[in-house]
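What follows is a set of notes on a single structure, which appears directly below.
Residue numbers start from 1 in every chain, and the chains themselves are labelled A, B, ... in the order their sequence lines are given, proteins ahead of strands.
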Amino acid sequence: MIYDKTLGNRVIDGVIYLLLAVTALICVLPFVYVLAVSFTSPTEAAKGGIILFPKEWSLSAYKYIFSTDTLFRSMLVSIYITVVGTMINLLLTSLMAYPLAKQHLEGRRTILLGVLFTMLFSGGLIPTYFVVKNLHMIDTFWSLMIPGAISAFNLIVLKNFFSQIPDGLEDAAKIDGCSDVGVLFRIVLPLSMPAMATFALFYAVAHWNQFFNAVLYINDNTKWPIQVLLREIVILAQSRIGDTSIDEVDIQPLTIRMAVIVFATLPILIVYPFLQKHFTKGVLLGSVKG
Amino acid sequence: MKMESALPAGRHGSGARQRLANARLRNILRDKWLYLMILPGVAYFIIFKYVPMYGIVMAFQDYKPYLGFMNSPWVGFKHFERFFGEPQFWMLFRNTVLLALYNLVFFFPLPIVLALMLNEIRLERFKRFVQTLIYIPHFVSWVVVVGIFYMLLTTENGILNELIYRMTGEKIAFLLEPEWFRTMIVTQSIWKEVGWGTIIFLAALSGVDMQLYEAARIDGAGRWRQLWHITLPAIRSTIVILLILRLGHFLDSGFEQIFLMLAPTNREVGEVFDTYVYVKGLTQAQYSYSAAVGLFKSAVGLVLVLGANWLAKRFGQEGVY
């Protein structure tokens, strides 16, 4: 917009700056609070009040949550399904998106329509559960990685991205003796790094935050990913952390719950700044119609 | 292939049809590697999306896992009749629709307003700073969001309740009292997703031609008129598309979030179709009945999205499909 710097316009600008600053603060202050409380000594935290910076530093909450294997094991589970799951996602999505980007592929439209339809209609929870069960995936990590291996939405965005890559490049590679698979891995994927980084982030975040699938498919609590454990500790406030019962006196003080939240969120907050510049671009891609 | 299909259909002799078939076969053979590449993906969609659709037949059976789909007895619409006859049906219906409406009314406009405000900011660094911060909540899980809300609002030392207590001398049991349930759900959704929701509108806004604004200013249009006549029309189609998508998922009330927020005290207002399917199906093992409930929900969802799309096209907008 173009406007003069009149008094009225300056006031409007001032109000907008203020509102945006407040919005931004509301979005991050809860995290700052959680972080600060997790480092505050339990006695200080029990007094309550507003803590945005620990008055009395203490690592006791973190010492407690790592005093047993439970949290550590859950984090390993989450790391495993995030890393392996994301690789499966990226591999399967790009393997399928690439041929679909080829206009000349026979049957391409049929397959695309088939994919689109799954975005409109689904069999629902119970029939899907039975598929997973009949494939003997219950209580395996596969149940957390395979049933969501391809997101239809990401697939279509990636297909559109691939079809923007000039054909000439691929033709040249083929003349030099490259196969279709080779073209994908040596030419197309390297050219698509921003898109791949975005999808990697989205898929990885989805895996790390995955909660409900684990509730459905994982009964064995030694295989729980971090989010399920987090729910037990923070929301249900029922389980002591861990199978060993050190510190029976502890009744889940605030600081411990906060520390668990910090650990469950940390990886995302660490990765976020590195990928931020990519993902806005990625979302823009997504807004291009297929 | 394009040339052949351009021929009038009547003139396809058997020879021409044969040639067409041969050409197709040649194409398929030429692309054999492409087909091989696409195979895992196609298998994925068939197994995890289409087989469950077939599995819906269990909604019309008294499905017993040891009998399978083949041998379980058919019962027609028995489960649907039971579902529509239950008093809970109306409770679920009301809860699901009210939550969806609240989200539509209170949540949907906010990212647009926020994007419009961000679009007014000339100071690039401030803009980027705000954007960075408001995207963050989108990336944390619902468990964390609900957990943080619990900590902030609990009557035992929750920081917000402390503040309310200091100001009013009373505490509010946000987490226990059913009348707060919908407010909490909508507030959480707004907090988590409002920033993320701005991205697509900002993208649409960045495409507006600056010359339009210049011309408007020369014509004497002030800030509000520019907003009304240039900026808003520029993002209208984006708004419509997002509204359609939202309507299509009208009945998906944020399963994980509601599942996490549900407690014995708020089931009356919080139970929705999705959570009901889970409780009946997986914790009480009434497979066929809950599959029927799920099918009802999916079918209504399909009708809604197609209907919304049709409406959008009627009103001269580009639809999604």
If we define contacts as heavy-atom pairs under 4.5 Å, which of [options] has the most with chain A?
options	value
B:V194, B:L227, B:L295	B:L227
B:K49, B:M210, B:K192, B:M117	B:M117
B:W33, B:Y35, B:W142	B:Y35

Side chain / backbone / both / neither for [X] at chain B, heavy atoms under 4.5 Å:
X	answer
A:L125	side chain
A:I268	side chain
A:T128	both
A:V181	both

Spell out, as yes or no, whether a donor-acceptor pair under 3.5 Å connects the side chain of [X] to the backbone of [Y].
X	Y	result
A:N209	B:F139	yes
B:S298	A:F121	no
A:Y272	B:T132	yes

> Where do B:L260 and A:R231 land on the side-chain contact (heavy atoms from CB on, under 4.5 Å) test, with the steps shown first?
Replying inline: CA-CA 8 Å; B:L260 288 162; A:R231 170 175 179 247; 3.4 Å; yes

Mind checking whether [X] and [Y] have parallel, tilted or perpendicular rings, split at 30° and 60°?
X	Y	value
B:F259	A:F212	perpendicular
B:W191	A:F31	tilted
A:F130	B:Y63	perpendicular

>> Run the side chain to side chain donor-acceptor pair (under 3.5 Å) test against A:R108 and tell me which residues pass, sequence neighbours left out.
In response: none

> side chain to side chain donor-acceptor pair (under 3.5 Å) with B:K127: which residues, sequence neighbours excluded?
Replying inline: none

> Considering all heavy atoms of both residues, which atom of A:L20 and which atom of B:V130 are nearest to each other, and what is their separation?
Replying inline: O-CG1, 4.1 Å

>> Quick check: closest heavy atoms across A:L92 and B:P40, and the distance to 0.1 Å?
In response: CD2-CB, 3.6 Å

